[in-house]
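Computed from heavy atoms alone, side chains included, the values below leave out hydrogens, waters and symmetry copies. In each ligand, atom 1 is the first atom listed, and ligand 1 is the first ligand listed.
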Amino acid sequence: MSGRLVVISGPSGAGKTSVCRALKRLPDVEFSVSATTRPMRDREENGIDYHFLTKPDFEARVERGEFLEWADYNGKLYGTLRAPMEAALARGRIYLLEIEVAGTRQLRECDTDGLYVFIEPPSIDELRQRLVRRGSNAAEEIEQRVRIAADEIAAARGEVAGRPLYDHFVVNADLDATIARVTELIRS
Ligand code: 5GP
């Protein structure tokens, strides 16, 4: 039996992480633990949230072809390890990747089979308000995140060989409705 790859992307503040957290609870879903060279944040665990690697270790793995895709995001490297994904798909599991748009582009360029979903905020204004309400960023940083988000939303509209990068764009106006919609897409 072979499983299904599901790619979820979306800018910071769109609710992507909350959606993925809910999907992880489904019994047939397995979540890809990416490798990264960024420092560990408070409450994160090595091997659970990410495999935290040094840059030389990450680069050696790139050389050995261990990554399905990898990208530089904000000066740090992030990548999806190939072996655990192949094992999960061989077991018939739904394998969830939470990756940014450049990684999705690489998967599409290799014609990787899967369901590709982009989660976005109702509007840039709403995204800005959510970041302000979160209260954890300075005003300048909020504007920086808003700019990155706008760029990601535009890049997500791109194409590879005449095919759209994403199969579905889900506007997250209500978290429960978004989770229900993405679950339905995964099951379809
Ligand atoms: P963060 O540092 O906030 O955890 O993640 C930053 C960005 O990197 C997010 O957009 C996240 O989806 C993306 N990301 C996480 N893991 C991977 C990965 O394995 N590959 C790619 N291409 N992007 C990733």
**Message:** Strictly under 4.0 angstrom, heavy-atom based: which residues surround ligand 1?
**Reply:** Lys16, Ser34, Arg38, Arg41, Tyr50, Glu69, Ala71, Tyr73, Tyr78, Gly79, Thr80, Glu98, Ile99, Glu100, Gly103

**Item:** Residue pair Leu115 / His168, side-chain heavy-atom distance below 4.5 Å
**Value:** yes

**Prompt:** Within a strict 4.5 Å, meaning less than it, do heavy atoms of the Leu68 and Leu107 side chains meet?
**Reply:** yes

**Request:** State yes or no: are the ring centers of Tyr95 and Phe31 separated by less than 6.0 Å?
**Result:** no

**Parallel, tilted or perpendicular: rings of Tyr78 and Tyr73 (30°, 60°)** = perpendicular

**Prompt:** Under 4.0 Å between a Lys/Arg side-chain N and an Asp/Glu carboxylate O for Glu59 and Arg64?
**Reply:** no

**Item:** With sequence neighbours excluded, residues passing ring pair (Phe, Tyr, Trp, His ring centres under 6.0 Å) with Phe52
**Value:** Tyr50

